[in-house]
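Chain naming here is simple, since letters A, B, ... match the order of the sequence lines and numbering starts at 1 in each. Excluded from the calculations below are hydrogen atoms, water molecules and symmetry mates; all remaining heavy atoms, backbone and side chain alike, are included.
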2 protein chains.
Amino acid sequence: MSVTIREIAMQAGVSRGTVDRVLNGRTGVKPEIRERVLAIADELHYVPNVAAKALAYHRKPIRIGIVMPPKEITFFDEIRKGIHAAEDELKGLGICLEYAYINNQQADEGATAIRTLIANGASGILFSAIDDEANRVSINEAIEQGIPVVTFNSDIEGSKRSCFVGQDLGKSGEIAAGLMSRVLRGKAKVLVVVANMKFHAHRMRVQHFKNSLAIIGDIEVVEVIEGFDRYEDTFIKLNEALQKHPDLDGIYMATGHAGACMDAVRRAGKDGQLRIVCNDLMPEVEQGLREGKIDFTIMQNPIQQGYRSLRILYDLIFTGKKPESEYQYTETSILIAESL
Amino acid sequence: MSVTIREIAMQAGVSRGTVDRVLNGRTGVKPEIRERVLAIADELHYVPNVAAKALAYHRKPIRIGIVMPPKEITFFDEIRKGIHAAEDELKGLGICLEYAYINNQQADEGATAIRTLIANGASGILFSAIDDEANRVSINEAIEQGIPVVTFNSDIEGSKRSCFVGQDLGKSGEIAAGLMSRVLRGKAKVLVVVANMKFHAHRMRVQHFKNSLAIIGDIEVVEVIEGFDRYEDTFIKLNEALQKHPDLDGIYMATGHAGACMDAVRRAGKDGQLRIVCNDLMPEVEQGLREGKIDFTIMQNPIQQGYRSLRILYDLIFTGKKPESEYQYTETSILIAESL
DNA sequence: ATGAAAGCGCTAACAT
DNA sequence: ATGTTAGCGCTTTCAT
């Protein structure tokens, strides 16, 4: 059988209560005893029993706070599914979830959410919001108070969060390039559409896409268009580009308004003549795939993102198990119409 | 707080021991009391507390038997990874795993494995072996004894197993067709290579591939070659086919020896001129992708298969939660060189 | 056939 | 600062 606090207590010549205090970093233990207990626990390779811990916490479950966009943001639907799946498995295992929905409209939403959750007794936080200074600061504040934070879907870089669970942005750009090179054999010209090159995530995709194409050779990126996530901007700029490059062979929609892109292609009378590679699976992309307007879309496995982030945080709090790497990338997968 | 056996016991006017007997189908309870307890449990929507159950089972963990090919069969490596991941999560949650490795060489290996596991006190079985009558019978025997069985990777059809966790074979054929149609635009000729059309799994892929191509139009399947998983057969037949169809555009390796396929293509001097779509990610396929000899490979998410099958069996035994569907399909994904 | 009670490993409130 | 003890919900052994 595995090692228990009882055994550690006996070997250290103290009570189980004291061992519990030491192992959970509670105050009120003489330093030398603390040392001794820690040493024995380490030597015996003590791992707490999840079931026992969960049962003991049953009266006062550990609160986990979740900061993310509200239900209206359908992009997060799949991520929510993953969180619920993990919640289902962890049901009765001593945790309780509290959600704080934020819109990323005001500057201090993230900070307020974190502070409120901590005030309500959260012992850990799952966080997904824009990568700005205010959020970085408040995450670091939480860490200072000993409350671990796991970011998901969108990282807060340079913060002290335990880890980030999300997509490998570089890889999605590379895969897009790989797909283009396979459907456009030989010399070809492609256009890149992106929402905003100021955002790290958007830039990463484009950069890796270009770099990969450069290695492959033969395919030229004629232009990179910024649509700022607005239909109008995207549509207009794309119209111009399609006129300017009548010999275009493909479009990579790195980020931004896929609907506008398809409309512009149709208006140019190029339906079916251009190879189009997208990211994610918004409703319009799904429809585009079904109708043959889009060839491929690259996914970031949102369900896994939700699931893994909650699991990782649970393990961190309950068993003290640190994630193997600071970056937990979910699988980057390719979808075609037949995948749906 | 949630409903406990204590509450049910009070409402039914019996002891907790009796409630436990009823809820776990143990003998020695008067039928009318059994009825009453069951009714109350149902009415109160009783769900057992996993943590408490796991802790109680700590002394005598529930044994789960796993029947699958031995470590030498590298195809199962990823599946094993998934099983280990689930085991990790379930560690300390009242289970213990026992493996029975079989080679599918002799007729009664599966039956023997199941019988041995049951003799050793298994309360549930994970099963992956060839779909034959002997295995079907022994699975049904296990079920008769109240021991749930979950098949994974390869189903035992018509058996009374609780569910099957594995790939949607039809879908992989359809995706292969979709990929072909995207890389071979317009009129084209493709060849299908399969190990053995007598096997249901192999046939399914080929059928769905052909059906999908028929709908898409334009692409003709010139021949279906059986390689029987042997290098020689595959290589020789493919050589002949390549000579017979000098205007071939692509090859779909539904199942079988991918290495032989690549060698035959090279020998015919067609390297890089044919579009090749494979299944799975054996070492030779991975290398083929890297070297640009293979364009796409279709995956059956083996890690998920291992993970989900163990989780499902655990939930079945511990919480009585039945899987939502008899067929639990793992995601079918597409890989290219850049995905690696 | 049924009840009572001990115990699984851990936490937390209470005692010293 | 440390020990003691009563649970958490369930299983299981021992009485009755």
Short N/O separations, protein against nucleotides 14-16 of chain C, under 3.5 angstrom:
none

Any base atoms under 4.0 Å from B:F318, or only sugar-phosphate, or nothing? Heavy atoms, all strands.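 No contact.
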For a quick check of understanding: with a heavy-atom distance under 4.0 Å over all strands, which category does B:N49 fall into, base, sugar-phosphate or nothing? sugar-phosphate
Does the distance from a Lys or Arg side-chain N to an Asp or Glu carboxylate O, for A:E157 and A:R136, drop under 4.0 Å? no
SB check A:D88 B:K321 (cutoff 4.0 Å): yes
Assess, by modelled atom type and distance only, whether the side chains of [X] and [Y] contain a donor and an acceptor separated by less than 3.5 Å.
X	Y	value
B:N135	B:D131	no
A:N120	A:E98	yes
B:D155	B:T151	yes
A:K81	A:Y307	no

Closest to the [X] side chain, choosing from [options]:
X	options	result
B:R59	D:dG7, C:dA12, C:dC8	C:dC8
A:D20	D:dC10, C:dT11, C:dC8	C:dT11
A:A52	D:dG9, C:dG9, D:dT12	C:dG9
B:V14	C:dG3, D:dC8, D:dT2	C:dG3
A:V29	C:dG9, D:dT2, C:dG3	D:dT2

[X] [atom1] to [N] [atom2]: how many Å, rounded?
X	N	atom1	atom2	result
B:L55	C:dC8	CG	C1'	4 Å
A:R6	D:dG3	CZ	P	14 Å
A:E7	C:dC10	CD	C1'	15 Å
B:R36	C:dA1	CZ	P	16 Å
B:K91	C:dC8	NZ	P	22 Å
B:I317	D:dT11	CD1	P	14 Å
B:L93	C:dC8	CG	C1'	13 Å
B:H58	D:dC8	NE2	P	21 Å

Look at [X] and [N] and indicate whether a side-chain polar atom (N or O) is within less than 4.0 Å of OP1 or OP2.
X	N	answer
A:N24	C:dT11	yes
B:K53	D:dT11	yes
A:Y57	C:dG9	no
B:T18	C:dT2	no
A:R26	C:dA12	yes
B:S15	C:dA4	no

State the CG-CD1 distance between B:L90 and B:I62, to the nearest 0.5 angstrom.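 Answer for the CG-CD1 pair, B:L90 versus B:I62, is 11.5 Å.
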Working to the nearest 0.5 Å, report the span between CD1 of B:I83 and CZ of B:R308. 14.0 Å
Flag if over 12 foreign heavy atoms under 6.0 Å of CZ, A:R26: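 Check passes, neighbour count above 12.
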So with a 6.0 Å cut-off around CD of A:E324, is the heavy-atom count from everything else above 12? no
Spell out yes or no: do the side chain of A:R16 and the base of C:dG9 have one donor N/O and one acceptor N/O closer than 3.5 Å?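 Checked by distance alone, the answer is no.
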If each end axis of the helix from C:dA1-D:dT16 to C:dT16-D:dA1 is fitted on five C1' pair positions, the angle between them, to 10 degrees, is 50°
Find which nucleotide of DNA chain C each of A:A56 and B:P31 is nearest to by heavy atoms, and output the residue with the more 5' nucleotide.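 So the residue in question is B:P31.
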On DNA chain C, check which nucleotide each of A:K60 and A:A51 is closest to and give me the residue with the more 5' one. A:A51
State, yes or no, whether a side-chain contact exists between B:I312 and B:C163 at a heavy-atom distance under 4.5 Å. yes
